[in-house]
Amino acid sequence: MALFQINEPGETPAPHARRYAVGIDLGTTNSLVAIVRNGFAETLPDESGRHLLPSVVRYLKDDIVVGDAALAAAAEDPFNTISSVKRFMGRGVEDVRHLGKTLPYEFVASESKMPRLRTVAGEYSPVEISAEILKTLKRRAEKTLAAVIDDAVITVPAYFDEAQRQATKDAARLAGLNVLRLLNEPTAAAIAYGLDKNPEGIYVVYDLGGGTFDVSILRLNRGVFEVMATAGDSALGGDDMDRAIAAWIMQQADIRDDADQRQLRRLLRAARAAKETLTIAMRASIVVERNGGDAWHGELTREQLHALVDSLIEKTLAPCRRALRDAELKLQDIQGVVLVGGATRMPLVRERVQKFFDREPLVDIDPDKVVTVGAALQADVLVGNRRGNDMLLLDVIPLSLGLEVMGGMVEKILPRNSPIPAARAQDFTTFKDGQTALLIHVLQGERELITDCRSLARFELRGIPPMPAGGARIRVTFQVDADGLLSVSAREQTTGVESNVVVKPSYGLTDAEIERMLRESIAHAHEDESARRLRETQVDAERLITAVQAALYADGDTLLSKPERTDIEMAIAQLRHLRDGNEPRPIQDGIRALDEVSREFAERRMNAGIRRALAGHRLNEFEASSKD
Ligand code: ADP
Ligand code: MG
């Protein structure tokens with residue numbers, strides 16, 4: 001009989017028993033894969049020694065090409081060569097049309113809200129296209145390690161919402177990868193630098209990539225990274241510098257600006273090469289072919305480059321300022337600045353960042369590998385190769401999650417910044433007598449009123465046994481898994497009827513929208529508070545009116561005299577009138593008045609109720625049951 005072997009606590013598993021799990025940075029411009037071997041994280045190169053895989057997928061009639069070869073073909077085959085697909089992940093058809101306005105791709109709407117891109121080989125969704133990139137990286141890792149790789153930690157921008165996260169997970173599943181966790185990119189960068197080993201601290205992650213700029217402020221507290229603020233510019237990056245340089249070349253080389261697609265691509269390639277050379281050299285020579293066929297030879301100095309890109313770099317500082325302000329921090333509160341993204345190699349970027357934050361940024365880890373390295377370290381922990389809690393890492397919920405309650409208000413169940421995975425239950429009850437169904441409306445946001453929050457899902461709980469208002473006990477549980485995906489369930493406690501929903505919203509929020517929602521919640525905190533008080537009072541009024549009316553209907557004729565009944569009805573009418581006002585105080589007065597005038601009636605009903613309940617029972621029955 002075979003027995004399972006169990007390691008002695010503290011002992012590392014034998015090499016053959018080791019499970020590999022990779023870390024993947026699925027980037028807008030470039031993607032990478034890394035693995036932890038012998039305790040060190042390293043990114044893995046392809047056969048030609050290149051670590052960065054351009055995030056470009058080219059569809060041919062009967063082949064799919066990913067990476068450098070696809071990038072090289074982008075100029076001659078723009079319709080079938082998809083780059084920057086990350087921008088479309090988890091977005092609806094309309095968003096994608098808008099984002100893709102300047103791109104050559106042809107979008108087709110399909111029955112499922114997900115947009116697809118038309119190519120010679122058929123139509124593909126952003127999820128499928130991303131899956132090709134992931135498959136390529138998975139194969140690369142399997143070749144290098146001569147092992148099957150199933151598990152991965154994949155990074156996503158901190159501002160990615162649930163739809164974008166879900167789309168990333170779907171892409172991984174299509175690629176045959178099991179996602180151990182989706183990890184926020186800035187958090188991954190912080191892990192790569194081992195910042196999570198510090199007891200606490202506040203860190204800035206400045207990420208300037210090819211097409212996007214993101215700045216995040218992280219707070220580390222007892223091993224938990226919390227995203228305090230994010231800001232950025234989704235249309236600013238190294239590519240914009242390339243365009244500025246290309247424009248300069250055109251001017252110098254006297255190339256007319258009606259250059260065709262192919263000529264433009266050539267110019268951009270030359271511009272990018274010159275820019276990257278100038279990171280290590282003071283001058284770069286440039287050769288570009290002109291349309292006539294002759295070549296232009298020129299030179300760009302670092303100084304000239306700086307003049308061309310300075311305003312672009314300057315543009316990254318406004319989001320930095322905004323993030324600091326949103327997090328209510330001063331420069332002195334910052335313990336470290338981490339540089340991420342290929343463009344932060346540029347000396348001028350480093351200089352500007354250092355000056356702005358008034359401190360030397362962390363640059364020791366290659367800025368285009370740092371996110372992948374962090375993801376690999378995290379994957380290694382999650383797969384159990386690293387023991388103990390030497391890295392207990394959690395992310396947080398970016399916007400509060402809650403549900404709609406009476407009066408169009410949001411009751412927050414999981415507050416913003418709760419570490420994930422997170423779960424919380426809260427009990428609710430019915431509003432009306434005999435209510436047998438409940439509509440659960442799930443919302444995201446910081447504001448008090450549902451109209452100011454984002455609706456994520458609605459579902460119904462049916463089959464609640466008819467009971468007086470407030471009699472049913474419905475436990476609603478919110479659960480956010482390690483990847484930031486939300487599931488909500490509702491269960492009536494006495495009968496056990498249950499209903500649930502997994503939230504996969506079909507439209508994404510942009511980083512700017514999240515930012516706006518957070519900003520508005522702060523700006524409206526006071527206003528919201530009084531709006532909430534008003535709504536709560538209105539709901540109380542409504543509840544009392546409903547209850548008293550039901551009582552009048554049931555027992556009014558038998559338990560009340562005519563004048564008594566008239567008094568109560570007048571108080572109801574009065575409260576109904578007051579309820580529609582804008583001030584809570586008069587409504588509260590109305591509630592008190594109706595409460596007082598109907599108190600006697602309520603007592604009579606209770607006594608009558610007890611008499612009814614007692615009829616036909618012997619007294620000792622009740623004595624017996626009250627003993628236990
Ligand atoms: P993304 O996160 O969007 O996938 P990356 O972090 O890979 O992007 O950054 C790509 C950008 O970094 C490109 O614009 C590229 O030109 C730029 N870049 C890479 N290396 C250098 C370098 N040595 N000097 C200047 N810019 C660089
Ligand atoms: Mg990146």
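Side chains are part of it too, since the values below use all heavy atoms of this structure and drop only hydrogens, waters and symmetry mates. We count ligands from 1, going down the list as the structure has it; atoms in each ligand are counted the same way. Since the structure is predicted, the reported quantities are computational estimates derived from the model, not experimental observations.
Of the protein's non-hydrogen atoms, the one nearest atom 7 (O) of ligand 1 is N30 ND2, 2.8 Å. Among protein heavy atoms, atom 24 (N) of ligand 1 sits closest to T279 OG1, 2.6 Å. Of the protein's heavy atoms, T29 OG1, 2.7 Å lies nearest to atom 3 (O) of ligand 1. The shortest contact between atom 15 (C) of ligand 1 and any protein heavy atom is with E276 OE2, 3.3 Å.
In terms of polar-atom proximity, defined here as any N/O pair under 3.5 Å, R272 does make such a contact with ligand 1. Some N or O of R345 is nearer than 3.5 Å to an N or O of ligand 1, by distance alone. For ligand 1, the polar-atom distance check against D368 finds no nitrogen or oxygen pair separated by under 3.5 Å. Between G209 and ligand 1, a contact under 3.5 Å exists for no N or O pair. Between G342 and ligand 1, a contact under 3.5 Å exists for at least one N or O pair. Annotation: T212 places no N or O atom under 3.5 Å from an N or O atom of ligand 1; distance criterion only.
A salt bridge does not link R58 to D63: none of the charged side-chain nitrogens sits closer than 4.0 Å to a carboxylate oxygen.
The six-membered or imidazole ring of F213 lies near that of Y206, with a centre-to-centre distance under 6.0 Å.
Nearest-heavy-atom check against atom 11 (C) of ligand 1 across G210, G27, A274 picks out G210.
For the residue pair Y203/N198, the side-chain donor-acceptor check at 3.5 Å is satisfied. At a cut-off of 3.5 Å, with distance as the only test, no side-chain donor of T28 or S84 sits close to an acceptor on the other residue. No side-chain N or O of N178 forms a donor-acceptor pair with one of D150 less than 3.5 Å apart. Counting only N and O atoms by type, the side chains of E276 and T279 include no donor and acceptor under 3.5 Å apart. In this model, no donor atom of one side chain and acceptor atom of the other lie less than 3.5 Å apart for E314 and S311.
Remark: ligand 1 atoms within the under-4.0 Å shell around heavy atoms of K275 are 14 (O), 15 (C), 16 (O), 17 (C), 26 (N). If you number the atoms of ligand 1 from 1 as listed, the ones under 4.0 Å from a heavy atom of T28 come out as 3 (O), 4 (O). Proximity to G341 (heavy-atom distance under 4.0 Å) selects the following atoms of ligand 1: 6 (O).
When all heavy atoms are compared, the tightest approach of L339 to T344 is CB-OG1, 3.8 Å.
Counting heavy atoms of neighbouring residues, nucleotides and ligands inside a 6.0 Å radius, atom CD of Q252 exceeds 12 of them.
Relative ring orientation between W248 and W296 is described as perpendicular, the plane-to-plane angle rising above 60° on a 0-90° scale split at 30° and 60°.
Not close to ligand 1: G237, with no non-hydrogen atom less than 4.0 angstrom away.
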